[in-house]
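Count residues from 1 along the sequence. Values below: all heavy atoms of this structure, side chains included; hydrogens, waters and symmetry mates excluded.
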Amino acid sequence: LKSLFFGEQMQFLSYPECPSSGRSSPSRKPSTSEDDVWGDESKLVVSEEKSEFLHIFLDVKHKSLYNAWEAARTAEVEYTTPSGSSTKARKSTWITRLPKFLFFQLQRVAFDQETKAQVKLDDVFDFERTIHVDRFLLSNRARACKAAEAVRQLKVRREELAEALRGFDSYRGRPGLRAEEVLQWAAELLEDNYHASTGDCATASSVAADGEALAEARPAARRA
């Protein structure tokens, strides 16, 4: 019965070895970024706990099974270390043994901050008929973490580009004036200035040549 409905999982709790106290010291070198710390387990204290599970709880706000499972697998929590320091800890869960029947429980109840009441979410939740669990297995942890970090960086870059595009599309110098028009005018202005400066250089050279000829003619006139 246990092998049919219960699976086994390993939970990891990791936190920085030397949590920041919030005070800065002039002699201390700048610390590495948070992403660098979480990405290097040699800088973390890691504890492990093995347990059984019957359901995997998924939040429907993530819209799809894989996105919701990824969100459920890793979470950041406030943690008090054995020394009494308060820090952020990251908790992750990896499957070591799958049951014969894998159950998911969708959490469709959320707390509305405005009404201060629980509400039911009727959001659409997508999942495929065939589920691939490779990325959630402990045996694939290293590769899954590396791939997840690459995806995270791509999402950040995509959002940066999308924000830049939104700013470009919504730019208005005056009603009806788009950014591409301004750029076109700027290009034309630079081209006109370039041609004008080239013409000025040619005119200046001509004037300089005339001045030299005049200077040579004056002594000749005096001798005559």
message: Working note: M10 + R141, criterion side-chain contact (heavy atoms from CB on, under 4.5 Å); need CA distance, chi angles, decisive distance, verdict.
response: CA-CA 11 Å; M10 184 74 74; R141 182 187 177 202; over 6 Å; no
Apply side-chain contact (heavy atoms from CB on, under 4.5 Å) to residues I95 and F53 and explain how you reach the verdict. CA-CA 9 Å; I95 295 175; F53 68 92; 4.2 Å; yes
Subject >> Verdict with reasoning, K50 to T96, per side-chain contact (heavy atoms from CB on, under 4.5 Å) >> reply: CA-CA 9 Å; K50 193 173 183 179; T96 56; 4.3 Å; yes
Review point. For E78 and K88, what are the C-alpha separation, side-chain angles and deciding distance, and is it a salt bridge (Lys or Arg N to Asp or Glu O under 4.0 Å)?
Key: CA-CA 5 Å; E78 292 294 331; K88 282 186 177 180; 5.3 Å; no
Assess whether side-chain contact (heavy atoms from CB on, under 4.5 Å) is satisfied between C145 and W94, documenting all intermediate values. CA-CA 11 Å; C145 288; W94 300 84; 3.7 Å; yes
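The number of heavy atoms from other shown groups lying within 6.0 Å of CZ (F101) does not exceed 12. Dense packing is recorded around CD of E188, with more than 12 heavy atoms of other residues, nucleotides or ligands lying under 6.0 Å away. Around the NZ atom of K2, the shell of radius 6.0 Å holds no more than 12 heavy atoms that belong to other residues, nucleotides or ligands. The neighbour count for R97 CZ, taken as heavy atoms of other residues, nucleotides or ligands under 6.0 Å away, is above 12.
The structure places CZ of F125 at 5.0 Å from CG of L58, a figure rounded to the nearest 0.5 Å. To the nearest 0.5 Å, the span separating CZ on R157 from CG on L161 amounts to 4.0 Å. Rounding to the nearest 0.5 angstrom, the gap separating the CG atom in L106 from the NE2 atom in H62 is 12.0 Å. Taking CG of D59 as the start and CD of Q105 as the end, the distance is 12.0 Å to the nearest 0.5 Å. Going from atom CD1 of I131 over to atom CG of L102 covers 6.5 Å, rounded to the nearest 0.5 Å. Interatomic distance, L138 CG to Q11 CD, rounded to the nearest 0.5 Å: 12.0 Å.
In this structure, Y79 and Y15 have tilted ring planes: the angle between them lies in the 30° to 60° band.
Listed here is the closest heavy atom pair of P99 and F5: CB-C, 3.7 Å. Shortest non-hydrogen contact noted between A89 and L13 is CB-CD1, 3.8 Å.
T81 places a side-chain N or O within 3.5 Å of a backbone atom of S85 that can act as its donor or acceptor partner. Side chain of T74 to main chain of S92: no donor-acceptor pair is present (N/O by atom type, distance under 3.5 Å, no hydrogens or angles). Judged purely by atom type and a 3.5 angstrom limit, R90 has no side-chain atom pairing as donor or acceptor with the backbone of S14.
Clustering ILVMFWY residues whenever any of their side-chain heavy atoms sit less than 4.5 angstrom apart, transitively, puts F136 in a cluster other than the one holding L54.
Ion pairing of K63 with D123 is present here, as a side-chain N (NZ or NE/NH1/NH2) and a carboxylate O approach within less than 4.0 Å. Here E76 does not pair with K91 in a salt bridge; the nearest charged N to carboxylate O distance is not below 4.0 Å. We find that R152 and E149 are joined by a salt bridge, their nearest charged nitrogen and carboxylate oxygen being less than 4.0 Å apart.
Between L98 and V133 there is a side-chain heavy-atom pair separated by less than 4.5 Å. Considering only heavy atoms from C-beta on, H132 comes within 4.5 Å of T130 through its side chain. In this structure, the side chains of V124 and D126 come closer than 4.5 Å at one or more pairs of heavy atoms.
Results of the ring-ring contact (aromatic ring centres under 6.0 Å, His included) test with F104 over F127, W69, F57 single out W69 as the only residue that passes.
A cation-pi contact links R135 to Y66, judged by a cut-off of 6.0 Å to the six-membered ring centre and 45° from its axis.
A side-chain donor-acceptor contact under 3.5 Å links Q9 and S51.
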